[in-house]
2 protein chains.
Amino acid sequence: MVELYTSQLDTVFHALGDATRRRMLLELAAGERTVGQLAEPFAMSLAAASKHIKVLESAGLIRREVRGRTHLCRLEPGPLATAHEWLSFYERFWNRRLDVLERLLREEDARNASDPKQAPEGDDK
Amino acid sequence: MVELYTSQLDTVFHALGDATRRRMLLELAAGERTVGQLAEPFAMSLAAASKHIKVLESAGLIRREVRGRTHLCRLEPGPLATAHEWLSFYERFWNRRLDVLERLLREEDARNASDPKQAPEGDDK
DNA sequence: GTATAATTCAACCATATGGTTGAATATAGA
DNA sequence: TCTATATTCAACCATATGGTTGAATTATAC
């Protein structure tokens with residue numbers, strides 16, 4: 001499973017590495033938008049916004065439907081889910097730390113609650 | 001909450017947008033590694049790998065402890081969790097789609113099970 | 001103290017990125 | 001058909017990125 005989607009993760013994470021594009025994605029999560037609507041909040045040329053949209057599109061994060069002279073964009077959640085899943089790997093590490101923390105707290109509790117001597121169950125390997 | 005960590009997300013997602021750096025992170029999830037150990041699997045100069053490590057470091061994804069002449073690196077899961085959380089926004093969208101799908105399937109079931117007429121509870125607004 | 005090992009620094013290079021502007025394309029509307 | 005709207009294209013620019021090589025730094029080992 002690890003590093004199977006390599007180039008897709010490259011393009012997806014790269015696309016996410018820009019605040020403009022992240023804002024666009026959030027906007028699209030609320031519903032479909034035209035290129036002009038997506039560009040409107042930003043202080044940049046339409047051509048620049050158009051490039052951002054193309055980055056999102058070629059990362060597979062959005063789909064575009066040409067409707068007459070306007071282009072309707074909609075979010076494509078698949079690649080986001082892929083990135084999300086990849087990122088989950090850290091939870092193994094994170095949870096391991098939380099487990100350690102939890103054990104330490106439990107030991108602390110036991111020490112305070114029962115008696116002032118050392119808690120016997122402390123296997124501090 | 002949205003776009004509060006802006007510049008951190010920029011650097012974190014940028015750091016993740018490279019397969020070399022993602023491999024390094026996975027390696028570090030298994031335990032701490034020196035710069036040399038991190039660089040070893042890659043067909044690139046040590047200086048290049050060192051740059052990658054610095055990118056991970058300035059994104060806050062790893063911490064470095066200088067131990068004598070070797071530098072020990074360890075994973076810092078906080079920023080990964082932040083990125084993971086940001087990515088969760090899409091689940092709202094995703095779940096909405098699943099909800100719609102589920103509702104449609106339920107309606108379909110109801111139609112087939114009870115009688116061949118239109119199911120009355122179909123509020124297809 | 002000198003050699004060796006681990007790592008960074010500095011200079012350099014090719015290519016990518018994110019922005020601009022002005023022209024081009026294509027559709028909609030009068 | 002003429003005009004306005006929505007969007008892209010092309011050329012250009014400054015800066016960032018990812019890589020190289022060779023020298024510098026720093027700590028260990030003998």
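Letters A, B, ... are given to chains in the order of the sequence lines, protein chains preceding strands, and every chain is numbered from 1.
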ring-ring contact (aromatic ring centres under 6.0 Å, His included) partners for His14(B), two or more places apart: none
Hits for salt bridge (Lys or Arg N to Asp or Glu O under 4.0 Å) against Glu57(A), two or more places apart or cross-chain, chain-then-number order -> Arg64(A)
At under 4.0 Å, does any side-chain N or O of Ser50(B) touch on OP1 or OP2 of dT8(C)? yes
Angle by which the axis turns from one end of the helix from dG1(C)-dC30(D) to dA30(C)-dT1(D) to the other, five pairs per end, to 10 degrees: 20°
Between Val12(B) and Ala59(B), what is the shortest heavy-atom contact and its length? CG2-O, 3.6 Å
With sequence neighbours excluded, residues passing side-chain contact (heavy atoms from CB on, under 4.5 Å) with Ser58(B): none
Tell me the interatomic distance from Glu65(B), atom CD, to dT7(C), atom C1', rounded to whole angstroms. 16 Å
Give every pair of a protein N or O atom and an N or O atom of nucleotides 28-30 of chain C that lie under 3.5 Å apart, one pair per line with the distance.
residue : atom : partner  : partner atom : Å
dA28(C) : O4'  : Arg69(A) : NE           : 3.4

By salt bridge (Lys or Arg N to Asp or Glu O under 4.0 Å) - contacts of Arg21(B) (at least two apart): none
Which ones in residues 32-40 of chain B lie close to DNA chain C, meaning a heavy atom under 4.0 Å from one of its atoms? Thr34(B), Val35(B), Gly36(B)
If the condition is ring-ring contact (aromatic ring centres under 6.0 Å, His included), which residues does His71(B) pass it with, not counting sequence neighbours? none
Check: residues 34-41 of chain A side-chain donor-acceptor pairs under 3.5 Å, at least two apart:
residue  : atom : partner  : partner atom : Å
Thr34(A) : OG1  : Gly36(A) : N            : 3.4
Thr34(A) : OG1  : Gln37(A) : N            : 3.0
Gln37(A) : OE1  : Thr34(A) : N            : 2.8

When you measure from the side-chain N and O atoms of His71(A) to the phosphate of dT8(D), is any distance below 4.0 Å, counting only OP1 and OP2? yes
Could you tell me how far apart Leu72(A) (CG) and dT27(C) (P) are, to the nearest whole angstrom? 15 Å
Just jot down the side chain to side chain donor-acceptor pair (under 3.5 Å) partners of Ser45(B), sequence neighbours excluded, or say none. none
Heavy atoms only: give me the nearest Leu26(A)-Trp86(B) pair and the separation to one decimal. CG-CZ2, 4.1 Å
Does the side chain of Arg33(B) come within less than 4.5 Å of Leu28(B)'s, by heavy atoms? yes
In B/S/- notation, 5' to 3', how is nucleotides 13-20 of chain D contacted by protein heavy atoms closer than 4.0 Å? ----SSBB
For a quick test of reading the model, state the closest non-hydrogen atom pair linking Gly60(A) to Glu76(A) and the distance between them. O-CB, 3.3 Å
Work out which heavy atom in Ser88(A) is nearest to a heavy atom in His84(B); give both atom names and the distance. OG-NE2, 3.1 Å
By side-chain contact (heavy atoms from CB on, under 4.5 Å) - contacts of Thr20(A) (at least two apart): Asp18(A), Met24(A), Phe42(A), Met44(A), His52(A)
